[in-house]
A.B. asks: 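After the structure tokens below, expect a handful of questions from me.
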Amino acid sequence: MIKSQGGKKEQLIRGWFNDKHAGAVPRGKVLDVYQIFMQDIPDSEVSYSSFNGVLKKVQAEGAPTEARPADPVQDSVVTFEVVKVEDMLFPNFDLYTTGKKIDSLFSDHEVGGGLYGGTVNIVIGESGVGKSTVMLDALAAITDNNPSAKVLYISSEMTRNDIVFYYRKTPAIGKVPTLLLMDYVKTGQLSKVLEAAFNGEHNIILLDSYQDVLIKLKEVHGWKSTYAESWLTNMMIDAAEKNGCAVLAIQHMTKGGTYVGSTYLKHATTAMLEIRFDLSSKRYIEFSKNRRGGSGIGKRLYYGLDETGSVVYDDARYKESEDIHKIESNESIRQHDLSRKFEEIFMGRKGVELNPDQIEARIETEEK
Amino acid sequence: MKQVNQEQFDRMRAVLTESENLTKEVSISAIALTDTSLSKNEIELGGVAVKVAPGFFARLASMLKINTSLTGTMMKNEDGIIAMSLMNALKDYRQSRIGGNVLLIANPKTQEIVDICEPKRYRRLTNDSLFDVTARILDQNSGLSIETIDSSSRNGGTVINLLNDKEVGFPGAGKDEFFKFGFSIIQTSKDTMVEMYNQRLVCSNGLRISLGQGAIGGNSDIQFQERFRLNSTGGEDIHTFLNQIEAMRKADFVPGAFQGTLATAVNTKASLMEVETAMLRAGKMVREADPDLRKNFIDTVNRKYFDGYADTMARIVRKGQDPLKLSDKQKSFIRTGQSIWDVVNSLTYLGSNNSGLQLENKHELKAEAGHLFGKGTKDGFDLQFAEYAQL
């Protein structure tokens with residue numbers, strides 16, 4: 001058995017080894033073992049670094065390693081359910097509209113579009129391009145258009161003083177319920193506050209920003225990057241999947257203009273909205289991925305701010321962009337058709353007709 | 001003024017879409033040349049024998065960076081086997097060192113491969129898309145209309161000439177001289193491009209202008225390119241292409257250098273060389289197959305539209321010189337009785353349908369006239385500065 005010694009938390013960890021693992025150190029990654037520990041004793045308030053220190057100490061004292069892996073799932077019988085999609089039960093996905101052109105980019109399943117509940121949307125863009133402004137404007141517009149919708153803006157970077165100046169510049173955000181995470185950094189309650197916010201009754205949550213929350217989680221709780229990232233990502237996904245919440249998470253970009261963040265997050269998201277400057281420094285938004293609005297992918301919606309600080313979208317330019325996209329798609333189909341006829345006449349074989357998805361993919365490849 | 005109506009537009013679209021050249025990107029290793037390729041005008045494509053048009057091998061050789069005159073010599077001397085071996089070797093070298101694909105262009109009617117190029121060198125919309133783009137331009141510019149759609153049987157090229165309804169006059173160009181300006185969308189075998197186009201209202205003859213980059217007369221702030229091409233068929237480049245046309249629209253499609261060039265063309269006598277070049281170009285387009293009729297026809301064209309040539313030749317003989325011994329340089333110093341503007345108008349008249357003459361691909365004379373006119377802003381007309389000759 002492992003000796004019970006040290007402070008209160010160390011004794012708690014040593015006791016857990018004895019009670020749950022028969023006086024041995026569980027096999028597996030320290031992070032995994034820590035997660036199991038936290039599941040067993042959620043109120044322990046033991047940080048990952050403390051746990052890791054005690055574990056190493058116990059091993060140095062000669063404690064044996066458990067003969068089997070720590071993950072209890074591995075030895076248990078795995079059960080899973082296979083269901084036909086038509087037999088699945090779905091929640092009623094709410095649709096939140098802004099009344100602005102951005103609705104048609106958010107989704108295309110209903111006429112006019114809008115932001116669907118039950119989605120995780122990542123918003124990326126270089127600094128200064130207006131990620132927060134565009135998203136807060138959308139939230140304010142949703143509040144106007146859908147009075148019953150409960151929206152929440154979670155800012156991890158701005159203090160009360162910062163947000164006052166932001167409000168003066170963009171008064172529309174004044175009506176958006178806001179949670180300033182900076183208030184909870186010093187108290188060490190960051191993860192608890194986030195959990196409560198994401199598990200509350202909010203219909204739409206804007207997290208600003210994903211990257212900064214990760215940094216703060218690591219600093220406040222001593223978590224490792226991978227743990228903090230999977231914790232936050234899973235919480236966002238759960239909020240969407242279980243609560244039907246529409247999550248919008250602002251993410252930073254590299255200086256080269258590419259997405260920073262895990263592939264897990266990228267693949268788990270419903271949509272990825274990019275806010276960028278064009279070559280003439282004009283700002284536009286463009287979806288590079290959208291499971292609710294494939295027809296809007298790759299189309300640029302330019303915007304500016306009016307005298308009241310509201311975001312104004314350039315609808316005419318968007319129409320032009322749509323027209324050009326249509327010409328480009330048709331041209332791609334026609335070129336493919338000419339190539340197919342060539343094969344039939346000169347190479348004695350029949351070509352394959354492309355479906356619309358393949359054509360989109362081809363345009364994307366050509367653009368790259 | 002005649003205009004293309006919707007029905008004609010749709011009909012031309014159907015005809016040109018039907019006759020569209022076929023294209024296929026293939027690995028260069030899929031093309032094989034045999035000892036009999038040259039004599040039979042054939043290549044093997046993926047193991048299948050395929051006919052190629054005259055000129056295909058020269059284009060292939062050029063793409064493989066074989067000296068053009070060397071290729072010509074080898075083919076003329078019937079050294080076909082050597083030429084084919086050389087091309088095969090360079091083709092294999094390219095495949096192994098550079099890799100990549102080539103684009104084959106074929107005529108579906110003759111079932112021949114007519115051209116080969118690097119895929120990225122092919123920056124041409126399909127004819128169907130060209131009509132889509134044109135329809136969009138017309139929708140957005142109510143003042144524009146299609147004057148003519150010219151199509152060349154020789155190289156599959158198509159030219160859509162659009163004119164703005166605004167009539168523009170220039171001081172010093174004659175009180176009856178009014179013009180309409182617009183642009184031509186041109187489909188060559190590998191490119192889609194735009195050139196300025198105008199029409200002289202007194203005779204309704206069109207002129208494809210080529211003046212170099214110009215600004216609108218009276219407003220040098222608005223700059224636009226008067227000749228540009230589509231860089232690719234991708235959305236970004238189509239957008240840029242349409243934006244360039246929009247920049248032209250803001251200037252009412254009037255190139256700034258036009259007014260000055262017109263005044264110079266009216267006041268400058270054409271040189272013997274300039275008249276002769278224009279005359280030969282027009283003569284080349286006489287379609288008549290019977291050599292006697294052809295000669296008579298050319299004589300008629302020359303007498304009627306390039307009268308300055310015969311008069312000048314007679315003057316040279318009267319002076320005791322042999323005109324046939326004159327070099328091109330000497331001809332460019334000899335003044336004719338026709339002004340540059342007269343020669344330009346002769347070419348545009350022959351290039352229009354008004355002349356009623358049986359000329360092949362006559363609309364190309366509109367571009368020829370534009371080149372002569374455009375000399376004023378580029379190299380200068382031959383005798384543009386002749387008044388300084390005695391200084």
Side-chain angles (χ1 to χ4, degrees), chain A residues 274 276-280 282 284 286-288 295-302 314-354 359-368, chain B residues 17-26 30-31 42-52 101 103-113 119-120 122-137 139-140 192 230 232-243 246:
Chain A
E274 300 186 8
R276 292 179 181 272
F277 290 109
D278 73 2
L279 293 175
S280 55
K282 297 265 168 41
Y284 66 91
E286 178 181 355
F287 274 88
S288 55
S295 64
I297 291 174
K299 289 178 186 168
R300 291 181 178 185
L301 176 56
Y302 281 83
D314 189 340
D315 293 7
R317 196 159 177 182
Y318 181 73
K319 164 89 174 53
E320 183 181 85
S321 168
E322 273 193 314
D323 287 352
I324 288 167
H325 194 75
K326 195 172 166 191
I327 292 172
E328 186 186 15
S329 296
N330 286 341
E331 174 65 11
S332 189
I333 293 167
R334 286 161 186 162
Q335 282 181 6
H336 180 75
D337 199 37
L338 292 174
S339 178
R340 200 162 50 85
K341 282 185 188 156
F342 185 105
E343 286 182 8
E344 281 173 22
I345 295 176
F346 297 101
M347 300 168 88
R349 65 170 181 250
K350 289 216 163 198
V352 181
E353 281 189 42
L354 293 181
I359 290 158
E360 285 293 330
R362 189 177 153 182
I363 290 171
E364 210 171 282
T365 312
E366 279 168 6
E367 279 172 355
K368 276 176 191 165
Chain B
T17 301
E18 184 62 31
S19 61
E20 180 82 87
N21 277 347
L22 308 177
T23 51
K24 174 75 188 164
E25 207 175 310
V26 296
I31 301 169
E42 260 181 20
I43 58 168
E44 279 187 7
L45 185 59
V48 180
V50 174
K51 282 278 173 204
V52 295
N101 289 351
L103 189 92
L104 293 171
I105 304 167
N107 182 330
K109 275 189 188 161
T110 60
Q111 303 222 334
E112 285 175 331
I113 294 179
K120 65 180 174 193
Y122 191 81
R123 297 170 293 201
R124 179 187 186 274
L125 290 170
T126 55
N127 286 334
D128 219 0
S129 294
L130 176 78
F131 279 81
D132 279 347
V133 167
T134 307
R136 189 176 183 279
I137 292 167
D139 279 348
Q140 295 194 324
T192 297
L230 185 69
S232 81
T233 55
E236 289 264 338
D237 286 320
I238 293 173
H239 190 230
T240 306
F241 187 76
L242 291 171
N243 275 351
E246 175 60 17

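Just so it is clear, the values below take in all heavy atoms, side chains as well, and ignore hydrogens, waters and symmetry mates. Below, chains carry the letters A, B, ... as their sequence lines are ordered, and counting in each starts from 1.
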A.B. asks: Let's go through A:Q335 and B:T23 carefully: what are the C-alpha distance in whole Å and the side-chain angles of both, what is the deciding distance for side-chain contact (heavy atoms from CB on, under 4.5 Å) to 0.1 Å, and is it a yes or a no?
C.D. replies: CA-CA 8 Å; A:Q335 282 181 6; B:T23 51; 5.6 Å; no

A.B. asks: Which atoms of B:L104 are under 4.5 Å from chain A, going by heavy atoms: the side chain, the backbone, both sets, or neither?
C.D. replies: both

A.B. asks: Could you tell me whether the side chain of B:S129 reaches within less than 4.5 Å of the side chain of A:R334, counting heavy atoms only?
C.D. replies: yes

A.B. asks: Might you confirm whether atom CD of B:E246 has over 12 heavy atoms from other residues, nucleotides or ligands at distances under 6.0 Å?
C.D. replies: yes

A.B. asks: Looking at every heavy atom in both A:S339 and B:K24, which two are closest together, and how far apart are they?
C.D. replies: OG-CD, 3.3 Å

A.B. asks: If I take atom CD from residue A:E320 and atom CG from residue B:N243, how far apart are they, to the nearest 0.5 angstrom?
C.D. replies: 6.0 Å

A.B. asks: What distance do A:I324 atom CD1 and B:D132 atom CG have between them, rounded to the nearest 0.5 Å?
C.D. replies: 12.5 Å

A.B. asks: What is the distance from atom NZ of A:K341 to atom CD of B:E20, rounded to the nearest 0.5 Å?
C.D. replies: 9.0 Å

A.B. asks: Look at B:V48, B:I113, B:D128 and state which one has the largest set of heavy-atom pairs under 4.5 Å with chain A.
C.D. replies: B:D128

A.B. asks: Would you compute the distance between atom CG of A:L338 and atom OG1 of B:T17 and round it to the nearest 0.5 angstrom?
C.D. replies: 9.5 Å

A.B. asks: To the closest 0.5 Å, what do you measure between CD (A:E328) and CG (B:D237)?
C.D. replies: 9.5 Å

A.B. asks: Under 4.5 Å, counting heavy-atom pairs only, tell me which of B:A106, B:P108, B:A49 racks up the most with chain A.
C.D. replies: B:A106

A.B. asks: Just do the side-chain contact (heavy atoms from CB on, under 4.5 Å) check on B:V133 and A:I327 with the steps written out, would you?
C.D. replies: CA-CA 8 Å; B:V133 167; A:I327 292 172; 4.1 Å; yes

A.B. asks: Determine whether the side chains of A:E331 and B:T126 contain a donor N or O and an acceptor N or O closer than 3.5 Å.
C.D. replies: yes

A.B. asks: With the side chain counted from C-beta on, respond yes when B:V26 and A:F346 share a heavy-atom pair under 4.5 Å apart, and no when they do not.
C.D. replies: no

A.B. asks: Find the distance between OG1 (B:T233) and CG (A:N330) and round it off to the nearest 0.5 Å.
C.D. replies: 12.0 Å

A.B. asks: Which atoms of B:E112 are under 4.5 Å from chain A, going by heavy atoms: the side chain, the backbone, both sets, or neither?
C.D. replies: backbone

